[in-house]
S.K.: 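Below is a structure I'd like to ask you about.
Below, each value reflects all heavy atoms present in this structure, side chains not excepted, and no hydrogens, waters or symmetry copies. By convention in this document, chain letters (A, B, ...) are assigned in the order of the sequence lines, proteins followed by strands, and residues within each chain are numbered from 1.
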Amino acid sequence: MARRERGSATGPLLLALLLTLLVLATVYAFAAHLYPAPPPITSDAVLVDRQYNLTLYVTGAVFILAQLGLAYAVLRFRDRGQRARFTRGNIAMEILWSSATVFTFVGLAILGRNAWAEVRFTPPASDAIQVEVTTNQFVYTFRYPGADGKFGMLDSTLVNAPAGNPLGLDPNDPAGKDDIVVPTLTVPVNRPVELLLRSQDVVHNFFVRELRLQQDAVPGMVIPVHFTANQIGKYEIVCTQLCGLGHSRMYSILNVVSQFDYESFLKRQAAGQ
Amino acid sequence: MPDNVVMESVDLGGGRPSGSGGALGNGGRGDNYSGAASVPQRTYVTGMMIALGGILMFFMALVSAWIVRKGFPNSDWQPLGIPRVLWLNTLILAASSLALTRSRRCLLAGRDDEFRHWWGVTTILGVFFVAGQLLAWRQLVARGVLLATNSSSSFFYVFTAAHGLHLLGGIAALLVVAFRPPRRLTLDTATEVVAMYWHFMGGLWLCLFVLLLVGK
Amino acid sequence: MSAASRLEHAPREAPKGFIRCYVFGTDHKVIGLQYFFLALAAVTIGIILSLLMRFHLVWPMAHLPFVAGGIMTPEQYLALVTMHGTIMVFFVLTTAPQSAFGNYFLPIQIGAPDMAFPRLNMLSFWLTLTAFLLMLAAFVVPGGAPISGWTAYPPLSGLGEIAGPGEGIGQSIWVISILVFCFGSLLGSINFISTTIDMRAPGMTLMRMPLTVWAWFVTAILSLLAFAVLLAGGILLVLDRSAGTSFFLPAGLVVNGEPLAHGGGSPLLWQHLFWFFGHPEVYIAILPGMGVVSHILANFSRKPVFGYRAMALALCAIGFMGFLVWGHHMFVSGMNPYSGLAFSVLTMSIGVPSAIKTFNWLGTLWGGKIQFRSPMLFAIGFVSFFVTGGLSGIFLAQPAVDTMLHATYYVVGHFHIVMGVAAIFGIFAATYYWFPKMFGRKMDETLGKLHFWLTFVGVYCIFMPMHFVGVAGGIRRYADSTGANYLAALQPLHRFMTFAAFITAAAQLIFFYNFFRSLRKGERASANPWNATTLEWITSSPPPPDNFGGHYPSVYREPYEYSVPGAHQDFLPQNLAPEDLPRANEEPRNA
């Protein structure tokens, strides 16, 4: 029996090597920022990134220790004819690493609260620009309240996109006469914007990577989210909630422009009505 | 001695393993399980308890859906007028549970004829209950309240249908025990598990009924 | 004495005839194998579906011979997505670890002759098989398979054909199949729980049950409670689809320009019901694997499981807490954001018992005498993947970070590593470990090791890049990159993953070859080829119909007594009575 107990070292070596390679490759891939998220364009997005990075450091450290620990264990304790160390466990160690885990995880959760709270618990500034976002298979439609600052009434039975009324604006409601209905989202830089997300048919989603913000648009609900973009540019809006065969083609553009350009946009739209 | 080695005394007993469940009273437990090929009688009781746990969870899911739906803001919840025959049905079902309890007591006391008599009464009352539920449905339909009429009617039909189907299963079990009792269970065990099921269905109906009344 | 406390009973005979024995058999071992082969068929189909998906993502305009019209359409891709997910989650990950291995080995490991309710057990299998056939039928009905994902969110799944191709009969058959599956699972759970509670051998206290039994037991409780909720939700969905109700369909819907007359239901209600089931479901998929890994690590390290009691409690804790965290799938769903925070804290907390288990697996290896056989390699692999997948979950558990990662490939990478890899490695480990016991023959060790190395490297190559795709904004369930412009930059990663997928899938052929060849030509196995301590190894390979040939064991010690100081050999079987232990120079009596 003693002769058969000794195994070759190839298996354990290879396993330890692969685990080490895994760690090196993963660390490199993250550190080299080979496929990074695009730079954030709001201060809330910066908070999200901070929390992401903190989580990355903490989980990264655990990942490295655990995988290398596994590599070490399989190598060091491979069967070389030794006797295994009989133990049923160690209560002190159990308490120690359980406490460390609780502390780390709960700590992360608490630290992450702010990034969530800023967007979700804090309402937008009272002078936020409101834009209604209506989703349906497979387009985004954006509605501005126009000069009167009021959204017109909508009636689902009046929806008729081919006839130019994709949202079902009620023609009898004067507040709706100046509503601006466009396929892309134009907002001024450094001004708070509140989006009111709606859906006409199935669950869709509004996601802009640079905002680090996404929210499902659920039929039967109007869901508000807000942001303040601090960088002019064009950013892509995509739908992340499976909505049918056109899911991957459903997208639009977030156009962050200067205050001047924004007012020009509003004037052009109003003139065109 | 290595850390944390606990020298436990060895349990050589040929009786029930410790830590097993089934704390449901006594009476005709049958063999202690000791490796014999037959399944101990208490296992059927355990099995029924677990099945009832699953059924309870099913109804709790339906009820929580109902609670959520009722609680929507700006709710278009239209309260349902509960057909009055449901009060009678509830009494019938309660009476059937009493009959069943009486029946089991007769069985345990060895009074076989009375056992069969009250078992039959339970079954008949169960059938009346189901008939009464169907009558309630007919009354609602006559009023124009159908499954898809509104949310509260949808839930009403779903609750009563789900409960009614389970109760039909109970009636089938009552009939099986009466006419073709399964060989692996003693009559005591068979009646015990059917009784558990039946009383549970009665209690469940009571809860659903109160919910429907209160939740208008 | 021990001979007297062991009951003698006439050995049970197997039923005669192929049909009675193998088709309508009530023997838990036969049923376990039926489930196993069902899962094997399902995983083959599931892998083929995934290869088609990965192929399409890199070569969307390629002409495929079996596709009507030549080029795969987005709806066909989404049908693949839906069916791949559904088949893998239900018919592989819920079936193989629990219904297959659990059915086969739970009774044996507790010293019982069969499950508590053998005919109910047979019914459970037949319901599961029926569900599988119904699910496959969705491919061939008019309109094809549904396109709403395995999660089937209404209104997309609740509106019928107007919502899209496959949403007519295909979706209906899908829901019916799931409902039938629910029944099969519920009945199976009743068996598992009753058997574990009432049919353990004398001396087998809860704290002497193998961790596999603990895992199957907790998983069965999860199954009982979770599938009951899915059943309720599924019935409501059926009613919405076919009876005009509006449980999940709100008022004011306009689909393809047509206003619909529904009345105030809530899509979020489905999500709550579904995920209340769905989260415990993923623990149902992984817990048995955790039990198997603990079992195998102890066996091949020749040491007891480190912290057995903590491991058992951790299984219970994960099971219990698994019911409290479902909202982390719904952070951006429109659910109350304060609920989001609550779910987040609970989700982070469930990481604690999971971490405890990981530490204890390392502790089991530490100081051991590790034997690198195929089962052990896959068990060690499981630990590596569970660490990786578990840690990536930490990101998703925080709503602020989830806001950028939700529904991206990051999530796909995360759940594939925990479910599509770790849980599968648990199944592989169990297969290699218990093959000798089930079939009386050994699988080829060299082929097993080769299978391990290729698969271990291959799946890391497939699923690690997904995290990067996700962080960069690659969205899941996208049939192609024709929408947003930024997606094109991620194609190199997709290409790499597709190549890795094909190579790794090919490597699985080694397993298939090894498995089926060993069934007939494998080296004959003894009763206890791994020198293990638990009760399945005291009986013959394969076991007789009543598991122990009439000599039912009693249990005298913990399940993982390896390398006990002063013992005559480095393992003490659970059924070896203390008075039968040899003194210093003796041979063991009644071993």
S.K.: Any salt bridge between A:Arg83 and C:Asp570, counting N to O under 4.0 Å?
M.R.: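 Here A:Arg83 does not pair with C:Asp570 in a salt bridge, since their nearest N and O are not under 4.0 Å apart.
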
S.K.: Between A:Gln137 (side chain) and C:Ala163 (backbone), is there a donor-acceptor pair under 3.5 Å?
M.R.: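 Flag set: sc A:Gln137 to bb C:Ala163 pair under 3.5 Å.
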
S.K.: Can a donor-acceptor pair be found between the side chains of A:Asp216 and C:Ser333 at a distance below 3.5 Å?
M.R.: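 Short answer, no.
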
S.K.: Taking every non-hydrogen pair under 4.5 Å, which of A:Thr55, A:Thr101, A:Val238 racks up the most with chain C?
M.R.: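 Option with the top pair count is A:Thr55.
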
S.K.: Select one option (side chain, backbone, both, neither) describing which atoms of C:Leu365 are under 4.5 Å from chain A's heavy atoms.
M.R.: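 Contact with chain A is through both the backbone and side chain of C:Leu365.
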
S.K.: What part of A:Gln214 gets closer than 4.5 Å to chain C, counting heavy atoms only: side chain, backbone, both or neither?
M.R.: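 It is both, since atoms from each part get that close.
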
S.K.: With a 4.5 angstrom heavy-atom cut-off, is it the side chain or the backbone of C:Ser148 that approaches chain A, or both, or neither?
M.R.: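 Just its backbone gets close to chain A.
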
S.K.: Where on A:Leu56 is there a heavy atom nearer than 4.5 Å to chain C: the side chain, the backbone, both, or neither?
M.R.: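 For A:Leu56, heavy atoms of backbone and side chain both lie under 4.5 Å from chain C.
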
S.K.: Go through the atoms of A:Phe105 and report whether side chain, backbone, both or neither lie under 4.5 Å from a heavy atom of chain C.
M.R.: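 It is both, since atoms from each part get that close.
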
S.K.: Once rounded to the nearest 0.5 Å, what's the spacing between atom CE of C:Met348 and atom CD1 of A:Ile110?
M.R.: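 Answer for the CE-CD1 pair, C:Met348 versus A:Ile110, is 10.0 Å.
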
S.K.: So C:Ser301 and A:Phe77, do their side chains get closer than 4.5 Å, heavy atoms only?
M.R.: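 No, every pair of side-chain atoms sits at 4.5 Å or beyond.
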
S.K.: Given heavy-atom pairs under 4.5 angstrom as the criterion, report whether the side chain, backbone, both or neither of A:Val119 touches chain C.
M.R.: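 When you check distances to chain C, no heavy atom of A:Val119 falls under 4.5 Å.
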
S.K.: Under a 4.5 Å heavy-atom cut-off, does chain C meet the side chain of A:Gln51, its backbone, both or neither?
M.R.: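 Both backbone and side chain.
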
S.K.: With heavy-atom distances below 4.5 Å as the criterion, would you say the side chains of A:Gln200 and C:Leu253 are in contact?
M.R.: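 A:Gln200 vs C:Leu253: side chains apart.
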
S.K.: How would you list, in number order, the residues of residues 154-163 of chain A that have a heavy atom less than 4.5 Å from chain C?
M.R.: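 When heavy atoms of chain C are the reference, residues 154-163 of chain A contributes A:Ser156, A:Thr157, A:Val159 within the under-4.5 Å range.
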
S.K.: At a 4.5 Å cut-off on heavy atoms, which part of C:Ile475 comes close to chain A: side chain, backbone, both, or neither?
M.R.: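 Interface part for C:Ile475: side chain.
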
S.K.: Are any of the side-chain heavy atoms of C:Ser384 and A:Leu22 separated by less than 4.5 Å?
M.R.: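 Yes. Closest side-chain heavy atoms under 4.5 Å.
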
S.K.: Between the side chain of A:Gln82 and the main-chain N/O of C:Gly368, is any donor-acceptor distance below 3.5 Å?
M.R.: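 The answer is yes, because a donor-acceptor pair under 3.5 Å joins these two groups.
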
S.K.: Under 4.5 Å heavy-atom distance to chain A, tell me which part of C:Leu493 shows up: side chain, backbone, both or neither.
M.R.: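 Answer is both: backbone and side chain atoms of C:Leu493 are under 4.5 Å from chain A.
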
S.K.: By a 4.5 Å heavy-atom criterion (distance strictly below it), what part of C:Ala489 contacts chain A: side chain, backbone, both, or neither?
M.R.: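 Just its backbone gets close to chain A.
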
S.K.: So for C:Pro250, is it side chain, backbone, both, or neither that comes closer than 4.5 Å to the heavy atoms of chain A?
M.R.: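 When you check distances to chain A, only side chain atoms of C:Pro250 fall under 4.5 Å.
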
S.K.: Can you say whether A:Leu242 sits under 4.5 Å from chain C via the side chain, the backbone, both, or neither, judging by heavy atoms?
M.R.: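 For A:Leu242, backbone and side chain are both near chain C.
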
S.K.: Before you tell me yes or no, could you show the steps for C:Trp366 and A:Tyr72 under ring-ring contact (aromatic ring centres under 6.0 Å, His included), namely the whole-Å CA-CA distance, both residues' side-chain angles and the distance that decides it to 0.1 Å?
M.R.: CA-CA 9 Å; C:Trp366 210 266; A:Tyr72 176 76; 5.4 Å; yes

S.K.: Give, as side chain, backbone, both or neither, the part of A:Leu108 having an atom under 4.5 angstrom from any heavy atom of chain C.
M.R.: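 For A:Leu108, heavy atoms of backbone and side chain both lie under 4.5 Å from chain C.
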
S.K.: What part of A:Gln215 gets closer than 4.5 Å to chain C, counting heavy atoms only: side chain, backbone, both or neither?
M.R.: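 Both parts, heavy atoms under 4.5 Å.
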
S.K.: Is C:Tyr460 close to chain A through its backbone or its side chain, or both, or neither, when contacts mean heavy atoms under 4.5 Å?
M.R.: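 Looking at C:Tyr460, just its side chain touches chain A.
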
S.K.: Is there side-chain contact between C:Pro267 and A:Met221, with at least one heavy-atom pair below 4.5 Å?
M.R.: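 When only atoms from C-beta onward are counted, A:Met221 and C:Pro267 do not touch, as no gap falls below 4.5 Å.
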
S.K.: Please tell me whether C:Thr388 and A:Gln67 have a donor and an acceptor in their side chains that are separated by less than 3.5 angstrom.
M.R.: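 Note: C:Thr388 and A:Gln67 side chains meet the donor-acceptor criterion.
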
S.K.: Using a cut-off of under 4.5 Å on heavy-atom pairs, state which of A:Cys243, A:Ala217, A:Gly246 scores highest against chain C.
M.R.: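 Among the listed options, the one with the most contacts to chain C is A:Cys243.
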
S.K.: Side-chain contact, heavy-atom cut-off 4.5 Å: C:Met404 with A:Leu211?
M.R.: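 Heavy-atom side-chain distance check fails, nothing below 4.5 Å.
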
S.K.: For a quick test of reading the model, state the closest non-hydrogen atom pair linking C:Pro304 to A:Phe86 and the distance between them.
M.R.: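 Scanning both residues completely, I find the closest heavy atoms to be CG-CE1, 3.4 Å.
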
S.K.: At a heavy-atom separation under 4.5 Å, does C:Tyr560 approach chain A through its side chain, its backbone, both, or neither?
M.R.: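 Contact with chain A is absent: no heavy atom of C:Tyr560 under 4.5 Å.
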
S.K.: Tell me, side chain or backbone of A:Gln241 under 4.5 Å from chain C's heavy atoms, or both, or neither?
M.R.: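 The side chain, not the backbone.
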
S.K.: Quick check: under 4.5 Å, non-hydrogen atoms only, which of residues 23-31 of chain A neighbour chain C?
M.R.: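 Within residues 23-31 of chain A, near chain C: A:Thr26, A:Ala29, A:Phe30.
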
S.K.: Checking heavy atoms, do the side chain of C:Pro465, its backbone, both or neither come under 4.5 Å from chain A?
M.R.: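 Neither; nothing under 4.5 Å.
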
S.K.: Mark yes or no for whether A:Glu236, through its side chain, and C:Asn485, through its backbone, hold a donor-acceptor pair below 3.5 Å.
M.R.: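 Such a contact is found between A:Glu236 side chain and C:Asn485 backbone.
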
S.K.: Using non-hydrogen atoms only, which part of C:Val457 is less than 4.5 Å away from chain A: side chain, backbone, both, or neither?
M.R.: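 Just the side chain, heavy atoms under 4.5 Å.
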
S.K.: By a 4.5 Å heavy-atom criterion (distance strictly below it), what part of C:Phe372 contacts chain A: side chain, backbone, both, or neither?
M.R.: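 Side chain only.
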
S.K.: With a 4.5 Å cut-off on side-chain heavy atoms, are A:Arg212 and C:Thr403 touching?
M.R.: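 Not in contact.
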
S.K.: Chain A heavy atoms under 4.5 Å from C:Phe468: which part of the residue, side chain, backbone, both or neither?
M.R.: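 For C:Phe468, heavy atoms of backbone and side chain both lie under 4.5 Å from chain A.
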
S.K.: For C:Trp361, which atoms come within 4.5 Å of any heavy atom of chain A: side chain, backbone, both, or neither?
M.R.: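 Neither part.
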
S.K.: Is there side-chain contact between C:Val332 and A:Thr240, with at least one heavy-atom pair below 4.5 Å?
M.R.: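 No; the side chains remain at least 4.5 Å from each other.
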
S.K.: Both conditions, 6.0 Å and 45 degrees, for the charged tip of A:Arg88 above the ring of C:Phe306: are they met here?
M.R.: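 Judged by the rule, A:Arg88 and C:Phe306 form no cation-pi pair.
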
S.K.: Tell me, for A:Pro219 versus chain C, whether the close heavy atoms (under 4.5 Å) come from the side chain, the backbone, both or neither.
M.R.: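 For A:Pro219, backbone and side chain are both near chain C.
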
S.K.: Would a 4.5 Å heavy-atom cut-off, applied to side chains only, mark C:Leu156 and A:Val203 as touching?
M.R.: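 With C-beta onward as the side chain, the pair stays apart.
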
S.K.: A:Asn114 versus chain C, heavy atoms under 4.5 Å apart: side chain, backbone, both or neither?
M.R.: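 It is neither, since no heavy atom gets under 4.5 Å.
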
S.K.: Okay, side chain of A:Trp97, backbone of C:Ala355: is any donor-acceptor separation there less than 3.5 Å?
M.R.: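 No, because the side chain of A:Trp97 does not come within donor-acceptor range (under 3.5 Å) of the backbone of C:Ala355.
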
